[in-house]
J.: 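Dropping a structure here in structure tokens format, bear with me for questions.
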Amino acid sequence: MSAVEVLAGVDIVALRLSEEGTLQVLLLRRQREPYMGQWALPGVLVNGRCADASLDAAAARALADKARLQPRYLEQVTTVGNGVRDPRGWSLSTCYLALLAPDVVPQGEDLQFVELAAVISGQQALPFDHSQLVRLAAERLRGKSVYSSLPLYLLAPRFTVTEALAAFQACLGEPVQHTTLRGRLERMKTQGWIGETGEKNYPKMGRPQNLLEHRPLAAEVFVFDRSLLA
Ligand SMILES: O=P(O)(O)OC[C@H]1O[C@@H](O)[C@H](O)[C@@H]1O
């Protein structure tokens, strides 16, 4: 690379809600230098011969080509850039937050989910500045989960209130009042963002619960009139 060139890329912080109710982040084992063999965020370079129409298209390509999956939700978080984050020289990375369905499984030995908490705590180290990108994406998710329906994208399209509670608590990292969440979901129902399916799920333990359906409208997330933590 000549001294005037800058590498530009996108990196994806793709999150899944585990059965235990924790958030997990998708990692890819790097196939080339730098950091060959290490677990990193899936990402692609966008300069050079790539035909991506936009950064959003490049982010979708990174997930489709490298992780072989489609997100339920994708949002640009931030752009970082400096001369030290990539040993190849000056580079920019635009970081995306992707939310995945809970039943997504890694397709191949070069992909794995690890606990988000392990990356944030530093127990699972990542190359480049990828740990910092994970922290920024998790902060964005937490911030938006206080006042919007964003965590519902971590659930199957049909879900119960108990499952919604688990998703919100995982994103916020603290307990949420069942009655408060139920009130916000009722509000979404009256505005057409959630529908009653008329069906129930039958868990191994406990009583059957109504199955609701997430019907996101054009704006993608429903904004609550009050904080969920109020
Ligand atoms: O995987 P290759 O194409 O080598 O490079 C992409 C990575 O290079 C880094 O700056 C980015 O953070 C991205 O993950």
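Both counts, for ligands and for their atoms, begin at 1 and track the order of listing.
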J.: Could you check whether Gln76 and Thr94, counting side-chain N and O atoms only, form a donor-acceptor pair closer than 3.5 Å?
T.: no
J.: Tell me, please: is Arg85 in heavy-atom contact with ligand 1, that is, under 4.0 Å?
T.: yes
J.: If you measure every N/O of Glu33 against every N/O of ligand 1, is any gap under 3.5 Å?
T.: no
J.: If you measure from each heavy atom of Lys66 to ligand 1, is any distance below 4.0 Å?
T.: yes
J.: Does atom CZ of Arg68 have more than 12 heavy-atom neighbours, drawn from other residues, nucleotides or ligands, at distances under 6.0 Å?
T.: yes
J.: Of the choices Arg88, Arg32, Met36, which has the non-hydrogen atom that lies closest to atom 5 (O) of ligand 1?
T.: Arg88
J.: If the contact criterion is a heavy-atom separation under 4.0 Å, does Leu7 count as touching ligand 1?
T.: no
J.: Locate the shortest heavy-atom distance separating Leu228 from Ser145; write the atom from each residue and the value.
T.: CD2-O, 4.0 Å
J.: Provide the number and element of each atom of ligand 1 under 4.0 Å from a heavy atom of Asp11.
T.: 11 (C), 12 (O), 13 (C), 14 (O)
J.: With rounding to the nearest 0.5 Å, note down the distance linking CZ in Phe128 to CZ in Arg88.
T.: 5.0 Å
J.: List the closest protein heavy-atom neighbour of atom 1 (O) of ligand 1: residue, atom name, distance to the nearest 0.1 Å.
T.: Arg30 NH1, 2.8 Å
J.: Among all protein heavy atoms in this structure, tell me which lies nearest to atom 10 (O) of ligand 1, with the distance rounded to 0.1 Å.
T.: Asp86 OD2, 2.7 Å
J.: Quick one: pull up NZ in Lys66 and CG in Leu41 and give me the separation to the nearest 0.5 Å.
T.: 11.0 Å
J.: If the threshold is 4.0 Å, N to carboxylate O, is there a salt bridge linking Arg29 and Glu109?
T.: no
J.: Looking at Arg142 and Glu139, is any side-chain nitrogen of the basic one under 4.0 Å from a carboxylate oxygen of the acidic one?
T.: no
J.: Considering non-hydrogen atoms of the protein only, which is the closest contact for atom 6 (C) of ligand 1, and what is the distance?
T.: Leu45 CD2, 3.8 Å
